[in-house]
> 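Below: one structure in structure tokens.
Whatever order the structure lists them in is the order used to number ligands and atoms, beginning at 1.
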Amino acid sequence: MTLGIKRIAKTFVGEVGDFDIADDHDAATIAEVRQALIEHSMLVFHGQSLTNEEHIRFSRKFGPPEIHTVSQYLLPDHPEIIALANRGENGTKPIANGGAYWHADITYKAKPPMGSVLYSLEIPPDGGDTLFCDLYAAYDALPDETKDRIADLKAVHSYHQRFLKSRAIDDGYKKDSFELSPEQLAEIPEVEHPIVRTHPESGRQTLYVNEGFVTQVVGMDEEESEALLLDLFQHSTRDEFVYRHEWQVGDVIFWDNRCTMHCATEYDTSHARRMHRTTIQGDAPY
Ligand code: OGA
Ligand code: MN
């Protein structure tokens, strides 16, 4: 088959027409989807209706599932799915402000996931959009002297500090509080990744630091590190690199975590918002 894809933002984002994610797609079709993902960095599908099994089956065709450390957010019968649901559901803890900071998913692991497949099940009447940015475009637009300065630098990525910060602001967490167990903490030691990452499939370079999980530049004093990171965070999320997605129920977005970031936006949490995400394992950044 040949996918019908329309580019809907200036430098990235492909909108895929007439494609049913629920089908048991053959290898040739999956290869086309992967190629399209590499070309557009993220793919938007509308009008999907998926069982948990269909969602997981599609996702698995791109690689083994990354299972999130915070098992409290996972569907008990389908740990491949993390529920971002402000009411909680089916035994999961609620998340009201999940991902309301710029990040790519799970960059705090030694091998961060290559992609995520997010399915919208319930959305509030207003707001709750998700912002995405293009990290190839952000890297390309850096001044040469900044590119030289960061070429060989690494940054520390950490989840625990984010968990602590998020629970201080998250209504869902405040209502239904829990701690990470020693076993969970042991799964999330700090890791270091290069600040300039080479995408293993496209060979292009991306700016690989994010507000959510990066805490410092390795080997730099704190003040200088904070100033550089702030500069890079602000640069990478400039309007010209950003696409805003206004969700409809049944939308699915498949994004590449190696060359995009995303950020949840505000909405009135007296309305339900419920999204399901599968996450696909990836490789160590270089
Ligand atoms: C995610 C995420 C943001 C949102 O699913 O990884 O950060 O707007 N979601 O739900
Ligand atoms: Mn996320």
> Testing the basics here: between P200 and Y286, what is the closest heavy-atom pair and its distance to 0.1 Å?
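Reported closest heavy-atom pair: CA-OH, 3.3 Å.
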> At what distance, to the nearest 0.5 angstrom, does OG1 of T260 lie from CZ of F132?
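That separation rounds to 7.0 Å.
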> Looking only at protein heavy atoms, identify the closest one to atom 10 (O) of ligand 1 and say how far it is in Å.
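Looking at atom 10 (O) of ligand 1, the protein heavy atom closest to it is R273 NH1, 2.8 Å.
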> Under 4.0 Å from a heavy atom of L118: which atoms of ligand 1 are those, numbered in the order shown and with their elements?
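Going through ligand 1 atom by atom, the ones under 4.0 Å from L118 are 5 (O).
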> Identify the heavy atoms of P113 and N257 that sit nearest to each other, and give their distance.
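Scanning both residues, the minimum pair turns out to be O-CB, 3.3 Å.
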> Return the closest protein heavy atom for atom 3 (C) of ligand 1 as residue, atom name and distance.
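The closest one turns out to be A264 CB, 3.7 Å.
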> What protein N/O/S atoms are found closer than 2.8 Å to the Mn ion (ligand 2)?
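The answer is H103 NE2, D105 OD1, H262 NE2.
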> Using a plain distance cutoff, I'd like to know if D129 has any nitrogen or oxygen under 3.5 Å from a nitrogen or oxygen of ligand 1.
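Between D129 and ligand 1, no N or O pair is found under 3.5 Å apart.
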> Looking only at protein heavy atoms, which one is nearest to atom 1 (C) of ligand 1, and what is the separation?
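Nearest protein contact, heavy atoms only, for atom 1 (C) of ligand 1 is R277 NH1, 3.5 Å.
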> For ligand 1, which atoms, with element, lie under 4.0 Å from some heavy atom of D105?
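Numbered from 1, ligand 1 contributes 6 (O).
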> Between H103 and ligand 1, does any nitrogen or oxygen pair lie at a separation below 3.5 Å?
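It does: an N or O of H103 is found under 3.5 Å from an N or O of ligand 1.
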> For ligand 1, indicate whether the residue Y119 contacts it via side chain, backbone, both or neither (heavy-atom separation under 4.0 Å).
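The answer is neither; Y119 stays 4.0 Å or more away.
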> Is the Lys NZ or Arg CZ of R277 less than 6.0 Å from the centre of Y119's six-membered ring, within 45° of the axis?
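Negative - R277 is either too far from the ring of Y119 or too far off its axis.
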> Considering only the protein, which heavy-atom contact is closest to atom 8 (O) of ligand 1, and what is its distance?
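Among all protein heavy atoms, the one nearest atom 8 (O) of ligand 1 is T130 OG1, 2.6 Å.
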> If you count the atoms of ligand 1 from 1 in the order shown, which ones are under 4.0 Å from a heavy atom of G99?
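It comes down to these atoms of ligand 1: 7 (O).
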> Got a second to check how far R238's CZ is from F241's CZ, nearest 0.5 Å?
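Output value for this atom pair is 4.5 Å.
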> Determine whether F254 and F58 make a side-chain contact, defined as any pair of heavy atoms from C-beta on separated by less than 4.5 Å.
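Yes, at least one pair of side-chain atoms sits under 4.5 Å.
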> Could you say whether the N/O atoms of H262 and ligand 1 ever approach to under 3.5 Å?
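Indeed, backbone or side chain, H262 has an N or O that close.
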> Suppose we call two aromatic rings close when their centres sit under 6.0 Å apart. Are F233 and Y101 close by that rule?
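No: the rings miss the under 6.0 Å criterion.
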> For the pair E66 and K109, find out whether any cationic side-chain nitrogen is under 4.0 Å from an anionic carboxylate oxygen.
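Yes.
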> Can a donor-acceptor pair be found between the side chains of E15 and H46 at a distance below 3.5 Å?
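There is such a pair (donor and acceptor under 3.5 Å, judged by atom type) between the side chains of E15 and H46.
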> Name the one of H262, H245, H103, H40 that satisfies ring pair (Phe, Tyr, Trp, His ring centres under 6.0 Å) with W255?
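By the ring pair (Phe, Tyr, Trp, His ring centres under 6.0 Å) criterion, W255 pairs with just one of H262, H245, H103, H40: H262.
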> Run through L43, V16, V44, L50 and flag the one making a side-chain contact (heavy atoms from CB on, under 4.5 Å) with V252.
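Passing option: L50.
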